[in-house]
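Notes to accompany the following structure.
Please read these numbers as outputs of a predicted model, since none were measured by experiment.
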Amino acid sequence: MSVESATPAPAAPGSGPLRTPPLVRGAVPVLGHAWHLVRDPLGFLSALRDHGDLVRIRLGPRTAYAVCDPELVGAMLKRPEFIVGGPLWDTLEVLLGKGVATSNGKLHRRQRRMMQPAFRPERIADYAKVMEEEARATAARWRPGATVDVSAEMFRTAVRIVSRSLLEVDSIGEKADRIADSLHTVFQGLYRRMVLSVGPLYRVPTPANRRFENALADLHALVDEIVRERRTAGPGGPQDLLAELLRARDDSGEPLTDQEIHDHVVSLVVAGAENVASTLAWTFHLLAEHPEQERRLVEEVNSVAGDRAITFADLGSLPHLRNVITEAMRIRPAAWIFTRRSVTEAELGGYRIPAGADIVYSVYAMQRDPRSFERHLEFDPDRWLPERAQDVPEFAMMPFSVGNRKCPGDHFSLAELALILGTVVPRWHLAPVAETDTGTRVGITLHPKRLVLRAEPR
């Protein structure tokens with residue numbers, strides 16, 4: 001789908017030299033540009049760059065501002081006038097509550113400071129033992145010639161890793177499978193709720209709405225069960241993220257409330273499962289399409305680990321594995337659309353942004369921008385070799401965001417991705433079969449529509 005020409009609007013009264021961003025044509029009655037965001041969101045957002053660094057679009061009755069230039073996005077993310085808010089976060093709040101992902105200002109700083117100890121480098125090494133175990137268990141489950149639903153497999157593996165690492169209670173194995181089922185259903189329903197401002201329709205008891213509400217309720221109940229189980233166990237238990245949250249105190253000596261702990265747990269499980277699973281699925285797909293890159297990865301792992309499975313200690317010796325992951329996150333990002341909200345009237349790139357405005361940006365569009373990346377649609381892990389990576393513009397690649405909103409679990413996720421890929425790929429070649437549909441399933445995150453691959457032992 002192409003975007004029609006953007007028409008400049010007149011300068012706002014009293015705005016001085018600041019310009020009003022152009023309004024993109026092509027809005028339909030009632031829905032505005034939300035119609036395009038439902039029909040072809042990736043094409044629509046990618047095409048906006050051709051009409052300006054910052055443009056206006058209509059999402060139902062609301063006007064939103066789309067930032068298309070990486071430098072402007074980076075500037076926005078570092079400025080206090082623009083906070084976490086807007087359609088994405090308004091929608092996600094029903095899932096994430098007021099945890100570290102959705103809070104702002106002093107509350108966000110307090111929450112982030114209190115959970116940061118759980119992600120110290122030495123703690124990642126402890127969590128890696130669980131990652132290694134689950135990666136090996138995943139590779140051991142498959143049988144020669146069997147077909148594997150890779151998206152489903154990676155999702156369950158990622159949920160088990162984040163659950164066992166960060167929430168180590170006796171019943172976590174059974175709860176991890178229930179969390180996976182609930183999250184799968186919830187994520188299916190979130191994207192349209194973000195794009196279409198028709199809240200009353202979601203209260204109609206249709207089968208899809210009932211499935212969503214039931215899965216959401218089950219997920220929140222599961223998290224409450226996990227927190228209660230740990231509190232009942234008392235001190236002396238596992239030293240995981242949940243333990244850090246339960247004993248954390250702020251500068252005034254106050255602990256986190258039960259609701260804050262609940263919301264943090266949900267935020268981290270969601271991010272640690274959904275984003276990692278999507279990245280893994282896309283990486284297996286990309287390696288199946290690029291056998292030379294797969295061969296190089298296998299040779300590198302075998303040169304370091306020989307016949308054994310890799311460990312966390314090996315990761316620093318596997319640069320091609322790291323570059324494969326980085327390039328997969330560039331060309332096939334899991335989290336792809338984000339929103340912010342302006343708290344005051346602000347200037348961005350010479351344009352006027354009014355107070356209370358919703359602002360949209362897409363890392364999918366930015367990370368596939370030919371102005372930033374040579375052969376932008378080509379899967380090329382070598383673009384992240386030091387001598388080439390230095391040419392990538394700042395903020396053109398931001399899989400974990402920047403500034404004080406940078407994901408606190410970035411090193412956790414990178415270690416998890418590397419250990420799973422570095423364990424599975426040297427053991428199994430995954431070949432496409434007829435049932436595979438590698439089109440993109442668009443939701444809050446991006447997944448292959450149906451990634452079914454045949455496991456062939458090496």
Taking [Y]'s backbone N and O only, do any of them form a donor-acceptor pair with [X]'s side chain (distance below 3.5 Å, no angle check)?
| X | Y | value |
| --- | --- | --- |
| Trp336 | Val442 | no |
| Arg79 | Leu77 | no |
| Arg143 | Ala140 | yes |
| Arg368 | Ile331 | yes |
| Arg322 | Ala418 | no |
| Asp437 | Arg450 | no |
| Thr423 | Arg136 | no |

On a heavy-atom basis, the closest approach of Thr339 and Gly86 is OG1-C, 3.6 Å
Tightest non-hydrogen contact, residues Ala158 and Val276, listed as CB-CG1, 4.0 Å
Test log, rule side-chain hydrogen bond (donor to acceptor under 3.5 Å, both in side chains), inputs Thr440 and Arg332:
CA-CA 10 Å; Thr440 303; Arg332 290 292 191 177; 3.1 Å; yes
Using the rule side chain to side chain contact (heavy atoms under 4.5 Å, CB included), only one of [options] pairs with [X]; which is it?
| X | options | value |
| --- | --- | --- |
| Leu280 | Glu416, Glu153, Met154 | Met154 |
| Leu95 | Asp263, Thr102, Val266 | Val266 |
| Leu421 | Thr279, Leu321, Ile310 | Leu321 |

Name the orientation class of the two ring planes belonging to Trp142 and Phe284 (parallel below 30°, tilted from 30 to 60°, perpendicular beyond 60°).
perpendicular
Just wondering, are more than 12 heavy atoms of other shown residues or ligands nearer than 6.0 Å to NE2 in His290?
yes
More than 12 heavy atoms from other groups under 6.0 Å of NZ on Lys129
no
Could Arg110 and Glu260 be called an ion pair, given the rule that one side-chain N must be under 4.0 Å from one carboxylate O?
yes
Can a salt bridge be assigned to the pair Arg330 and Glu327 using a cut-off of 4.0 Å between side-chain N and carboxylate O?
yes
Working note: Met366 + Tyr361, criterion side-chain contact (heavy atoms from CB on, under 4.5 Å); need CA distance, chi angles, decisive distance, verdict.
CA-CA 8 Å; Met366 290 196 306; Tyr361 68 98; 4.3 Å; yes
State whether a side-chain donor-acceptor pair under 3.5 Å links Thr138 with Arg141.
yes
When you look at Asp69 and Leu54, which way does the side-chain contact (heavy atoms from CB on, under 4.5 Å) test go after all the steps?
CA-CA 7 Å; Asp69 177 72; Leu54 200 161; over 6 Å; no
Could you walk me through whether Thr147 and Arg454 pass side-chain hydrogen bond (donor to acceptor under 3.5 Å, both in side chains), step by step?
CA-CA 4 Å; Thr147 57; Arg454 184 175 62 254; over 6 Å; no
